[in-house]
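Counting begins at 1 with the first residue of the sequence. When reading the values below, keep in mind they use all heavy atoms of this one structure, side chains included, and skip hydrogens, waters and symmetry mates. Note that this is a predicted model, so its numbers are computed, not measured.
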Amino acid sequence: MKLVFLFLLVTIPICCYASGSGCSILDEVIRGTINSTVTLHDYMKLVKPYVHDHFTANAVKQFKQCFLDQTNKTVENVGVMTEAIFNSESCQQPS
């Protein structure tokens with residue numbers, strides 16, 4: 001699960017800024033992914049503009065289900081890790 005999330009972060013082109021990723025759409029998708037109150041159905045509506053075939057849809061469903069299957073503590077830690085990445089020295093917005 002943690003490896004899957006790491007691959008997701010590595011494969012998404014991210015412009016890092018001091019608060020969040022700097023991309024409101026990406027921030028919204030990440031929040032929806034790690035929020036256990038967002039149902040699979042609601043999550044699929046959230047990512048619908050970015051899912052263009054059934055193979056991707058199946059992968060996205062499995063990915064979200066991984067987060068739904070985790071403990072609250074694990075999901076909290078993913079949020080902390082995401083913020084740590086976005087706020088890291090290598091992701092700071094140039095002055």
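- Pairing each heavy atom of Lys45 with each of Pro49, the nearest pair is O-CD, 4.1 Å.
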Practice task
Could you give me the CA-CA distance, side-chain angles and deciding distance for Asp42 and Thr39, then say whether side chain to side chain donor-acceptor pair (under 3.5 Å) is met?
Solution key: CA-CA 5 Å; Asp42 290 340; Thr39 65; 3.2 Å; yes
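- For Leu68, the CG atom sits in a packed shell: over 12 heavy atoms of surrounding residues, nucleotides or ligands are nearer than 6.0 Å.
- Counting only heavy atoms from C-beta outward, the side chains of Lys64 and Val38 approach each other to under 4.5 Å.
- Closest non-hydrogen pair, Ile34 versus Gly79, comes out as CD1-CA, 3.8 Å.
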Exercise for the section: With side-chain contact (heavy atoms from CB on, under 4.5 Å) as the test, would you mind laying out the steps for Tyr43 and Val60 before giving the verdict? Expected result: CA-CA 9 Å; Tyr43 185 69; Val60 168; 3.5 Å; yes
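- In this structure, a donor-acceptor pair under 3.5 Å is absent between the side chains of Asp27 and Ser24.
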Practice task
Step by step, work out the side-chain contact (heavy atoms from CB on, under 4.5 Å) result for Asn35 and Phe67.
Solution key: CA-CA 8 Å; Asn35 186 340; Phe67 282 92; over 6 Å; no
Exercise for the section: Test side chain to side chain donor-acceptor pair (under 3.5 Å) on Glu76 and Asn72 and set out the steps. Expected result: CA-CA 6 Å; Glu76 269 181 43; Asn72 288 338; over 6 Å; no
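- Residues Ile25 and Tyr50 have side chains in contact (heavy-atom distance under 4.5 Å, counting atoms from C-beta outward).
- Across Asn58, Thr56, Val51, a single residue satisfies side chain to side chain contact (heavy atoms under 4.5 Å, CB included) together with His54, and that is Asn58.
- For the pair Val29/Thr33, a side-chain contact is recorded, criterion being any heavy-atom separation below 4.5 Å from C-beta on.
- With contacts defined as side-chain heavy-atom distances shorter than 4.5 Å, the pair Thr82/Ile30 qualifies.
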